[in-house]
Asks: 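Okay, handing you the structure first.
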Amino acid sequence: MLRTVIGDLRSHIDETVMIKGWLHVLRDQKKIQFLVLRDRTGMVQITHWKPNDEDLAALVSTLTTESALTITGKVADNPSVKLGGLEIQLESLQVDNLAENPLPFEPFGDKDNLPALDYRLDWRSIDLRRTENLLLFRVQTTMEMALREFWIQNGFMEIHSPKLMGSPSESGAELFELAYFETKAYLAQSPQFYKQMAMAGGFENVFEIGPVFRADPSFTSRHMTEFTSIDMEMSWVDSEEDVMSNQERMLQYAYQRVKDVHGSEIEAVFGFTLAVPAVPFPRLTMVQAHEILNQVGYQLSPEKKNDLDPGAERAVGEYIKQTTGSDFVYITEWPFAIRPFYHMKKGENLTRSFDLIAGGLEITTGAQREHRYDVLVAQAKEKGLSPDLIQYYLDFFRYGCPPHGGYGMGLSRLLMVMLKQPNIRETVYLFRGPNRLQP
Ligand code: ATP
């Protein structure tokens, strides 16, 4: 017999079916047993009248919640049953994996009494069973599919760049170094150089969704040492504006798709209505952002006086929300002093770069890149980078490289914002931080 998933049971009334899932609830009464089985598509009630089969009744009595079971039985329409007005009359039961009792924690217990996040991460295999998590990762799947759809409709190709590198791709800080035969290698901090190689390689428009590594020892609610980066790069841009306008339309497309597929579940599980953002998103120059901070009385620390810190991102985000209704805002014209050497300059001290702040959190850095060989070499030197170390990269710009730009966006940060989650550890499949390499 083929397995039927619980969500499809309504089309099998009066048939005997095989279903598989986790024992959600067992109510073992004097004459009758009620089991609720859960799979990724829903839950169903299974009923067993004990006198029908005493051996089967005895087996059911030994079951612990969250055990993995295969059940056969007849599907009956029963409007009085809360779970979809259906029940299954139990015929046979196979225990695929009996759950130990007690569980490390109760994944379907009172939401306000869940154990601490760190403990839940120790038991992530149980934590992932929670309704919120199943939905969160289904939303992630739909969103990534929508991003790919958008890119493919717009003439982008997907690349998979290497994560082992012979030299750093960003600054020397935050770099994981590892032994590589007789020499050293580094884990990629971003696919930046290789996305740009595709511009020199004539692909024109590329994207990559892949892992990046940052040896960042901080313990914030938005940093990880390994994360999934959503990256794109596009050729023949006139300025960074082309990149921003492509990104905002893509985000609007992805939000719309997630709302169409999961809007009502998001409302039921997370308790809010997903808003599809209007485009264009508001844009502020860094100078204007600082004027707003002055106006609202937000004080940047002296070392961040030309920059934004997380509090400033929140303050600007809030101001834009109140004044325009937008959850998203681009900050443009960042000083070259706090940007990487490959960002194109705008005038002497500024760059053609931007950050996207969403829900008060930085989710993207992007820019038009410097594609003129001599200027790029000069900018690398200005940042104290020896061109010899990155000559293989600089060579991309010697034989016909179009003007181009792109961005990197953290997948889990986007999910934090989309699903209003306070901590990135909740929105990544498995968190990696300075103190966490397991499970
Ligand atoms: P932050 O200032 O928050 O440390 P960053 O400026 O170092 O970020 P970029 O190098 O610009 O980040 O990376 C682009 C995007 O990648 C960020 O906007 C963010 O969405 C994501 N990102 C960067 N670092 C991390 C991290 N450690 N963990 C998770 N996501 C990250």
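Note: hydrogens, waters and symmetry copies are ignored here, and every other heavy atom, side chains too, is used.
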Asks: Cut-off 3.5 Å, side chains only: do Thr364 and Gln247 have a donor facing an acceptor?
Replies: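 On atom types as modelled, these side chains qualify, holding a pair under 3.5 Å.
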
Asks: Run the salt bridge (charged side-chain N to carboxylate O under 4.0 Å, His left out) test against Lys259 and tell me which residues pass, sequence neighbours left out.
Replies: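 Applying salt bridge (charged side-chain N to carboxylate O under 4.0 Å, His left out) to Lys259 gives none.
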
Asks: Of all heavy-atom pairs between Val212 and Pro191, which one has the smallest distance, and what is that distance?
Replies: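 Smallest heavy-atom distance, with atoms named: CG1-CD, 4.0 Å.
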
Asks: I'd like to know whether CD of Gln299 has more than 12 heavy-atom contacts from other residues, nucleotides or ligands below 6.0 angstrom.
Replies: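 Open: at most 12 neighbouring heavy atoms sit under 6.0 Å from CD of Gln299.
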
Asks: If only side-chain N and O atoms count, and only distance matters, is there a donor-acceptor pair under 3.5 Å linking Tyr393 with Ser167?
Replies: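 There is no such pair between these side chains.
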
Asks: Could I get the full list of side chain to side chain contact (heavy atoms under 4.5 Å, CB included) partners for Pro422, not counting sequence neighbours?
Replies: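 Testing Pro422 for side chain to side chain contact (heavy atoms under 4.5 Å, CB included), a comparison that skips the adjacent residues, returns none.
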
Asks: Does the side chain of Thr47 pick up a donor-acceptor pair with the side chain of Glu87 at under 3.5 Å?
Replies: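 There is such a pair between these side chains.
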
Asks: With sequence neighbours left out, which residue pairs that include part of residues 310-319 fulfil the salt bridge (Lys or Arg N to Asp or Glu O under 4.0 Å) condition?
Replies: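 Applying salt bridge (Lys or Arg N to Asp or Glu O under 4.0 Å) to every pair that reaches into residues 310-319, excluding sequence neighbours, yields nothing.
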
Asks: Should we say atom OH of Tyr429 is surrounded by more than 12 heavy atoms from elsewhere, each under 6.0 Å from it?
Replies: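 Not buried by this count: 12 neighbours or fewer within 6.0 Å.
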
Asks: Listed by chain and number, what are the salt bridge (charged side-chain N to carboxylate O under 4.0 Å, His left out) partners of Asp77, not counting sequence neighbours?
Replies: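 Here the qualifying residues are Arg10.
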
Asks: Between CZ of Arg413 and CZ of Arg222, what distance do you get to the nearest 0.5 Å?
Replies: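 So the gap between those two atoms works out to 6.0 Å.
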
Asks: With sequence neighbours left out, what residues match Asp28 under salt bridge (charged side-chain N to carboxylate O under 4.0 Å, His left out)?
Replies: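 Scan of Asp28 (salt bridge (charged side-chain N to carboxylate O under 4.0 Å, His left out), adjacent residues dropped) gives Lys50.
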
Asks: Using a 3.5 Å cut-off and no angle test, enumerate the donor-acceptor pairs between side-chain atoms of residues 286-296 and protein atoms at least two apart in sequence or in another chain.
Replies:
unit_1, atom_1, unit_2, atom_2, d
Gln288, OE1, Thr285, N, 2.8
Gln288, OE1, Thr285, OG1, 3.4
His290, NE2, Asp307, O, 2.8

Asks: Less than 4.0 angstrom from a charged side-chain N to a carboxylate O is my criterion; do Glu66 and Arg38 meet it?
Replies: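 A salt bridge is present here (some side-chain N lies under 4.0 Å from a carboxylate O).
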
